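Scroll down for the structure; my scribbles are underneath it.
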There are 2 protein chains.
Amino acid sequence: MTQPHFKGFNGMSRIDLDLAKQSCAGCPIRHRAVCATCEPDELDQLEAMKSYGTWSAGETIVLEGEKLPFVASVVFGCATLTRSLEDGRVQMLGLLLPSDFLGRPGRGTAPYEVVAATDLTLCMFERDAFERLIEDTPHLALRLLEMSLDELDAARDWMLLLGRKTAREKVATFLAYVLKRASTAHGPLRADLPLSRGDMASYLGLTIETVSRQMTALKREGIIDLEGKRGLLCPDMAALLIEAGDDDDGAVIA
Amino acid sequence: MTQPHFKGFNGMSRIDLDLAKQSCAGCPIRHRAVCATCEPDELDQLEAMKSYGTWSAGETIVLEGEKLPFVASVVFGCATLTRSLEDGRVQMLGLLLPSDFLGRPGRGTAPYEVVAATDLTLCMFERDAFERLIEDTPHLALRLLEMSLDELDAARDWMLLLGRKTAREKVATFLAYVLKRASTAHGPLRADLPLSRGDMASYLGLTIETVSRQMTALKREGIIDLEGKRGLLCPDMAALLIEAGDDDDGAVIA
DNA sequence: CATGTCGATTGACCTGCATCAAGGACGACC
DNA sequence: GGTCGTCCTTGATGCAGGTCAATCGACATG
């Protein structure tokens with residue numbers, strides 16, 4: 001386990017900053033997140049408390065039960081929320097992709113471990129200042145309520161997956177989700193897997209071996225194709241969705 | 001499937017009303033819910049839009065995807081939230097016990113089926129009026145945010161259970177949760193199971209048979225005792241918690 | 001080029017839970 | 001009391017996925 005450290009709030013390269021600006025243009029955490037309805041002066045306040053932080057793949061951002069002194073939006077990269085049983089069994093509880101929100105306004109400590117699954121950039125807001133802003137800004141609280149309801153929906157889709165889907169359906173559902181999140185206007189034919197096989201197993205309530213076997217099976221049957229370890233292509237999204245096991249439109253996570 | 005009907009808003013016996021009053025005294029949905037910090041005039045407004053509804057065990061309150069025209073707090077009884085795959089597999093996504101809250105402020109339709117698991121009384125608030133009140137009452141939005149974060153925590157505990165726990169641990173965890181919710185100051189030695197074996201299976205991502213077998217095993221080993229089908233006694237809560245598989249303090253659901 | 005590491009794959013085997021199938025227990029209703 | 005119907009329990013069997021272990025790239029390092 002890497003030590004939890006804190007590059008944020010200061011040390012960022014020029015390039016990092018540019019990339020961050022690009023994704024957070026105008027309103028700092030724009031997609032899915034807080035400021036869809038912000039007034040200019042509120043945006044100024046957010047801007048004032050905002051900073052960027054980077055972590056490299058595998059680094060821990062907070063340990064289970066520790067304080068998370070900020071809330072944040074993922075600019076790029078991928079982070080995972082996991083919880084463990086004492087004997088070492090691990091289950092992923094959340095997957096954060098660009099534009100997803102991290103943090104529980106009003107709650108200082110994280111009831112799960114947060115780890116950077118890939119190199120990661122967060123757009124962060126100092127917690128205390130952010131919470132003060134919420135108090136004074138009614139529609140912000142509503143926006144956050146919206147967001148946590150979305151997360152709740154995602155968690156519940158995920159429960160259905162964990163409780164009732166077969167290994168093949170689980171893997172197919174995950175791949176479909178990744179493709180959906182990566183999709184452009186041209187269609188979701190290609191994506192980079194944001195997670196290792198091990199992380200996928202943790203996500204899906206399976207073992208590495210089972211994930212690997214299901215992936216090769218789907219590849220063998222022509223439903224997906226793989227480029228190296230992380231590249232994923234899907235010639236026919238519909239076929240993949242059938243394997244995923246239900247009407248699932250890919251709405252599987254927050 | 002029973003047809004979704006709507007006894008609420010009017011037809012209640014004297015006794016029902018008394019019971020409801022008792023649980024909802026003063027502030028209508030008090031525990032875990034909205035009004036911990038309400039002003040007197042806000043309470044009046046809530047009072048004005050409030051009504052009670054009853055359902056008997058097995059009745060459906062809303063179908064998956066239908067509109068739920070109210071938000072509510074459970075006064076007594078037990079309701080379940082479930083979602084199904086097309087082929088009939090069912091997973092429970094939420095369990096509502098007295099003082100729990102039902103409904104997603106700002107969202108009209110339920111993404112799950114809501115069924116009364118036992119005879120059930122809800123304290124209901126007409127949706128539109130409730131949402132108007134939220135708009136004018138900033139701290140209500142914060143309170144609701146709190147509540148949905150609690151639900152999210154519960155859903156995530158549940159994910160860990162579904163993804164990584166053994167059948168025995170799952171059953172023990174559920175029983176511990178029931179005992180905890182039923183506990184009085186004197187300790188949680190006895191409780192009535194709010195769910196049938198089938199519903200427990202749906203909750204835990206297992207089959208009826210497996211649930212039944214694990215229950216008999218726990219009974220045979222003296223960890224629990226059963227009175228009839230629904231009565232549950234636990235001579236030693238600590239022993240049960242060990243079977244539940246982790247530090248679990250019983251915080252498993254919203 | 002040899003060697004080591006780390007992730008992914010593949011195979012052989014085993015087991016926990018699902019599945020299929022019979023009973024029991026208990027209440028409702030005639 | 002007899003006969004359902006519903007829910008629960010128990011047994012026998014099978015299989016999906018876990019476990020253990022070997023191998024295979026891909027990439028780094030000496």
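Chain naming here is simple, since letters A, B, ... match the order of the sequence lines and numbering starts at 1 in each. All values below were derived from every heavy atom in this structure, side-chain atoms included, with hydrogens, water molecules and symmetry-related copies excluded. Predicted model only: the values in this text are computed from it and were never measured.
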Quick one: side chains of residues 229-236 of chain B, donor-acceptor pairs under 3.5 Å with protein atoms, not counting sequence neighbours, listed by atom name and distance.
unit_1	atom_1	unit_2	atom_2	d
Arg230(B)	NH1	Leu193(B)	O	3.1
Asp236(B)	OD1	Ala238(B)	N	3.1
Asp236(B)	OD1	Ala239(B)	N	3.4

Under 3.5 Å donor-acceptor pairs involving side-chain atoms of residues 218-227 of chain B, not counting sequence neighbours:
unit_1	atom_1	unit_2	atom_2	d
Glu221(B)	OE1	Arg168(B)	NH2	2.7
Glu221(B)	OE2	Arg168(B)	NH2	2.6
Glu227(B)	OE1	Arg190(B)	NE	3.2
Glu227(B)	OE1	Arg190(B)	NH2	2.7

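Remark: side-chain polar atoms of Thr173(B) are paired, donor with acceptor, to backbone N or O of Glu169(B) under 3.5 angstrom. Listed for the Thr118(B) side chain is a donor-acceptor partner under 3.5 Å among the backbone atoms of Cys78(B). Side-chain atoms of Ser202(A) come within 3.5 Å of backbone atoms of Met92(A) as a donor-acceptor pair (strictly under, hydrogens ignored).
Regarding contacts with the backbone of dT9(C), a side-chain N or O of Arg197(A) is found under 4.0 angstrom from either OP1 or OP2.
Axis angle between the ends of the helix from dC1(C)-dG30(D) to dC30(C)-dG1(D), five pairs each and rounded to 10 degrees, works out to 20°.
You won't find any donor-acceptor pair under 3.5 Å spanning the side chain of Arg213(B) and the base of dG16(C), going by distance alone.
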Can you give me the N/O atom pairs linking the protein to nucleotides 21-24 of chain C at distances under 3.5 Å, or say none if there are none?
none

Atom pairs, N/O to N/O, protein against nucleotides 14-17 of chain D, distance under 3.5 Å?
unit_1	atom_1	unit_2	atom_2	d
dG17(D)	OP1	Ala167(A)	N	2.7

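Under 4.0 Å is where a charged nitrogen must lie from a carboxylate oxygen, and between Lys165(B) and Glu243(B) no such pair does. Ion pairing between a basic and an acidic side chain is recognised when a charged N comes within 4.0 Å of a carboxylate O; Arg156(B) and Glu151(B) show no such pairing.
Considering every non-hydrogen atom in both Ala201(B) and Ile208(B), the closest pair reads CB-N, 3.6 Å.
For Arg104(B), the side chain to side chain contact (heavy atoms under 4.5 Å, CB included) partners at least two apart in sequence or on another chain are Leu149(A), Asp153(A), Arg107(B), Pro111(B), Tyr112(B).
Distance CE (Met215(A)) to C1' (dG7(C)): 13 Å, rounded to an integer number of Å. The interatomic distance linking Arg230(A) (CZ) with dA26(D) (P) rounds to 16 Å, in whole Å. Taking atom CD1 of residue Ile208(A) and atom P of nucleotide dC6(C), one finds them 13 Å apart after rounding to whole Å. The CG atom of Leu218(B) sits 13 Å away from the P atom of dT10(D) (whole-angstrom rounding). Rounded to whole Å, atom C1' of dA18(C) lies 15 Å from atom CD of Gln91(B). Taking atom CG on Leu162(B) and atom P on dC17(C), their separation rounds to 13 Å, with Å as the unit.
Here Gly228(A) lies out of heavy-atom contact (under 4.0 Å) with every strand.
A donor-acceptor contact closer than 3.5 angstrom links the side chains of Ser56(A) and Glu59(A).
Each of Arg164(A) and Gly198(A) was matched to the nucleotide of DNA chain C holding its nearest heavy atom; the match closer to the 5' end belongs to Gly198(A).
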